[in-house]
Amino acid sequence: MEGRVIVITSGKGGVGKTTATANIGAGLAVEGNRVVVIDMDIGLRNLDVVMGLENRIVFTVVDAVKGRCKIKQAVIKNRKIDNLYLIPASQSDNKDALTPEGVIKLCENLRKEFDFVLIDCPAGIEQGFVNSVSAADEAIVVCTPEVTSIRDADRVIGLLYSRGITPKLLINRIVPEMVAKGDMLSHRDVVEVLSIELVGLVPMDDQVVICTNNGVPLVTQKESKAGEAFWRVAMRINGHSNLPIEVPKGNRSFWDKIGFKLRKK
């Protein structure tokens, strides 16, 4: 059975798409799947840093597609998680260095060796997006509970549907306290606007910065709420579709816990 090719995209940059790719990939690998993640952000690679593999790069996805090296020479094994691999982006080329045909051929070869091929799509809807979605069977759209992010996600969802790909939604950086106060859109608001299946809800978590700086997967950190959420996304992708989606909850104050309310004098 050939592996699944899943593109992880957003439209808007800065919504945590690369973090999502790295941690969903790590979660799938922890469960025993062979997983390769591909950084398609040509010229601005970051996935290698998130995975702690920036010092091991010799060849890139552009080298593999153009035949400058064998595919296996561009594949870097993760040092912390078995079965997890990376094909990094090139910093010296631009997005026009690749074509949809070249990416399709690469992924056709990779799906014979891996259970999952995750593609970290660059921001925007230009050539990098076209290249990234060309070989995909499935798509995960990452957005945050912000109007600009939702609008861009809606545009990307339409483009995916036009290519015959039915996307799923991952809402990232949820701040429960802000949602409770009405200062942030709830996940129900976002789902109502975008009208696609929800695959996960990820809360804001300080551990994201710490783990990114150290190249450590969030899914391996027991105290990380975001890591737990990404792990649940990976499990749902891996066939556990009945696994409930947990709604992030805020930290309640001491007075909230014991049921007291302070009166204003």
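FYI, side chains are in, hydrogens and waters are out, and symmetry mates aren't considered; it's all heavy atoms of this structure.
Distance check, rounded to the nearest 0.5 Å: OG of Ser90 to CG of Asp39 gives 10.0 Å. To the nearest 0.5 angstrom, Leu159 atom CG is 10.5 Å from Ile165 atom CD1. Between Arg188 atom CZ and Leu201 atom CG the span is 9.0 Å, to the nearest 0.5 Å. How far CG of Asn214 is from CD of Gln207: 9.5 Å, rounded to the nearest 0.5 Å. The CZ atom of Phe116 lies 7.5 Å from the CD atom of Glu138; values are rounded to the nearest 0.5 Å. Note: Asp96 CG to Ile42 CD1 = 10.5 Å, rounded to the nearest 0.5 Å.
The closest side-chain heavy-atom distance from Met40 to Cys121 is not below 4.5 Å. In this structure, Lys168 and Ile196 have side chains that are not in contact, with every pair of non-hydrogen atoms separated by 4.5 Å or more. Side-chain contact between Leu53 and Pro88: absent, with no pair of heavy atoms (C-beta onward) separated by less than 4.5 Å. Counting only heavy atoms from C-beta outward, the side chains of Ile24 and Ile140 approach each other to under 4.5 Å. Looking only at side-chain heavy atoms (C-beta outward), Val62 and Leu98 come within less than 4.5 Å of each other. Counting only heavy atoms from C-beta outward, the side chains of Val35 and Ile81 never approach each other to under 4.5 Å. Inter-residue side-chain proximity for Val202 and Leu170 is flagged as met; some heavy-atom pair is nearer than 4.5 Å. Ile76 places none of its side-chain heavy atoms less than 4.5 Å from the side chain of Met51.
Remark: Arg68 engages Asp63 in a salt bridge, criterion side-chain N to carboxylate O under 4.0 Å. Between Arg4 and Asp115 there is no salt bridge, since none of the side-chain N atoms of the basic residue sits less than 4.0 Å from a carboxylate O of the acidic one.
When every heavy atom of Gly200 is checked against every heavy atom of Val233, the shortest pair comes out as CA-CG2, 3.7 Å. The shortest non-hydrogen separation linking Pro122 to Asp41 is CB-OD1, 3.5 Å. Across all their heavy atoms, Ala22 and Val50 have their closest contact at CB-CG1, 3.7 Å. What you find for Thr60 and Arg45 is that their closest heavy atoms are CG2-NH1, 4.1 Å. Closest heavy-atom contact between Leu84 and Ala29: CB-CB, 3.8 Å. Of all heavy-atom pairs spanning Cys69 and Ala74, the tightest one is SG-CB, 4.1 Å.
Under a hydrophobic clustering in which Ile, Leu, Val, Met, Phe, Trp and Tyr are joined whenever their side-chain heavy atoms come within less than 4.5 Å, directly or via other members, Leu118 and Ile71 fall into different clusters. Hydrophobic clustering of Ile, Leu, Val, Met, Phe, Trp and Tyr side chains at less than 4.5 Å, counting indirect connections, unites Leu169 with Met204. No continuous path of hydrophobic side-chain contacts links Val7 to Val142 [ILVMFWY only; heavy atoms under 4.5 Å]. One hydrophobic cluster, built from ILVMFWY side chains closer than 4.5 Å, cannot hold both Val141 and Val15; they sit in different ones. Residues Met235 and Ile6 fall within the same hydrophobic cluster, defined by Ile, Leu, Val, Met, Phe, Trp and Tyr side chains chained together at heavy-atom separations under 4.5 Å.
Between the side chain of Gln73 and the main chain of Lys70, a donor-acceptor pair closer than 3.5 Å is present. For the pair Asn213 (side chain) and Ile210 (backbone), a donor-acceptor distance under 3.5 Å is absent. Checking side-chain atoms of Asp154 against main-chain N and O of Ile150 turns up no donor-acceptor pair under 3.5 Å. Between the side chain of Arg34 and the backbone N or O of Phe114, no donor-acceptor pair lies under 3.5 Å.
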Could you walk me through whether Val199 and Ile245 pass the side-chain contact (heavy atoms from CB on, under 4.5 Å) test, one step at a time? CA-CA 7 Å; Val199 74; Ile245 296 175; 5.7 Å; no

Go through the steps for Arg232 and Glu246 under the test salt bridge (charged side-chain N to carboxylate O under 4.0 Å, His left out), then give the verdict. CA-CA 9 Å; Arg232 295 177 74 86; Glu246 290 193 348; 3.7 Å; yes

Would you please test Asp152 and Ser149 for side-chain hydrogen bond (donor to acceptor under 3.5 Å, both in side chains) and show each step? CA-CA 5 Å; Asp152 289 348; Ser149 178; over 6 Å; no

Between Tyr85 and Val37, does a side-chain contact (heavy atoms from CB on, under 4.5 Å) hold up when you go through it step by step? CA-CA 6 Å; Tyr85 300 81; Val37 296; over 6 Å; no

With side-chain contact (heavy atoms from CB on, under 4.5 Å) as the criterion, how do Ile174 and Val179 come out once you've worked through the C-alpha distance, each side chain's angles and the decisive distance to 0.1 Å? CA-CA 8 Å; Ile174 299 170; Val179 175; 4.2 Å; yes

Using salt bridge (charged side-chain N to carboxylate O under 4.0 Å, His left out), reason through Arg56 and Asp48 one step at a time and then give a plain yes or no. CA-CA 9 Å; Arg56 300 184 60 195; Asp48 56 309; over 6 Å; no

Check step by step if salt bridge (charged side-chain N to carboxylate O under 4.0 Å, His left out) holds for Asp205 and Arg173. CA-CA 8 Å; Asp205 188 346; Arg173 296 179 183 165; over 6 Å; no

Intermediate values then yes/no, side-chain contact (heavy atoms from CB on, under 4.5 Å), Thr144 and Ile171: CA-CA 5 Å; Thr144 56; Ile171 305 175; over 6 Å; no

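Legend: residues meeting side-chain contact (heavy atoms from CB on, under 4.5 Å) with Gln221, ordered by chain and number and at least two apart, are Cys211, Val216, Ser224.
Atom NZ of Lys72 sits in a sparse spot, with 12 or fewer heavy atoms from other residues, nucleotides or ligands closer than 6.0 Å.
A donor-acceptor contact closer than 3.5 angstrom is absent between the side chains of Asn109 and Glu113. The closest side-chain donor-acceptor pair between Asn238 and Asn33 falls under 3.5 angstrom. Side-chain contact, Ser186 with Asp189: a donor N or O sits under 3.5 Å from an acceptor N or O. Defined by atom type and a distance below 3.5 Å, a donor-acceptor pair is present between the side-chain atoms of Thr18 and Asp120.
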